[in-house]
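Quick caveat, the model's predicted, so the values are computed rather than measured.
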Amino acid sequence: MASFQDRKGGTWTVEILIGQIQRLREAGFDVGAIRTDQEAVSRLTDTDTFSRVITILCEEQIEDRKLSVPDFAKLFNGPTIFAAIRTIIGALADFTQPPTVAAE
């Protein structure tokens with residue numbers, strides 16, 4: 001799983017799961033419609049879309065750490081946002097690419 005660090009040094013892992021697809025689509029990040037990394041970056045550089053997407057992808061961790069969504073949002077600045085975007089791109093590749101080893 002891909003991970004990034006927030007502005008206070010906390011580590012967050014990002015994995016796209018099938019159960020998140022509808023919510024991600026509603027948040028403006030349609031996993032099935034994205035064809036290139038640049039297209040994904042373009043969608044995620046909209047801060048409203050980014051904040052919805054990262055909250056969905058880190059929801060369980062936010063709950064586990066007993067953070068509110070506003071407190072989670074305070075962990076992001078410009079460099080952290082772009083680190084998280086790179087992590088989301090990695091998670092998207094992991095989700096959409098065929099496995100590198102075929103089942104026998």
For the CD atom on E63, are there more than 12 heavy atoms of other groups (residues, nucleotides or ligands in this structure) within a distance under 6.0 Å?
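It does: E63 CD has more than 12 such atoms within range.
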To the closest 0.5 Å, what do you measure between [atom1] ([X]) and [atom2] ([Y])?
X: I56; Y: I21; atom1: CD1; atom2: CD1; answer: 10.0 Å
X: I88; Y: I16; atom1: CD1; atom2: CD1; answer: 7.5 Å
X: D94; Y: I89; atom1: CG; atom2: CD1; answer: 11.5 Å
X: E15; Y: L92; atom1: CD; atom2: CG; answer: 13.0 Å
X: T55; Y: F76; atom1: OG1; atom2: CZ; answer: 7.0 Å
X: D37; Y: I85; atom1: CG; atom2: CD1; answer: 12.0 Å

Short side-chain to backbone donor-acceptor contact, [X] and [Y], under 3.5 Å:
X: T87; Y: A2; result: no
X: R7; Y: K74; result: yes
X: R43; Y: F29; result: no
X: T45; Y: V41; result: yes

Which of parallel (below 30°), tilted (30 to 60°) and perpendicular (above 60°) describes F4 and W12?
parallel
Using side-chain heavy atoms (C-beta onward) and a distance below 4.5 Å, is [X] in contact with [Y]?
X: Q5; Y: T80; value: no
X: I18; Y: F95; value: yes
X: I81; Y: N77; value: no

Measure across V14 and C58 and return the closest heavy-atom pair with its distance rounded to 0.1 Å.
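For V14 versus C58, the nearest heavy atoms are CG2-SG, 4.4 Å.
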Given I62, which of D71, L67, L75, L57 fulfils the side chain to side chain contact (heavy atoms under 4.5 Å, CB included) condition?
L67
Just do the side chain to side chain donor-acceptor pair (under 3.5 Å) check on R23 and Q20 with the steps written out, would you?
CA-CA 5 Å; R23 290 180 59 213; Q20 299 165 324; over 6 Å; no
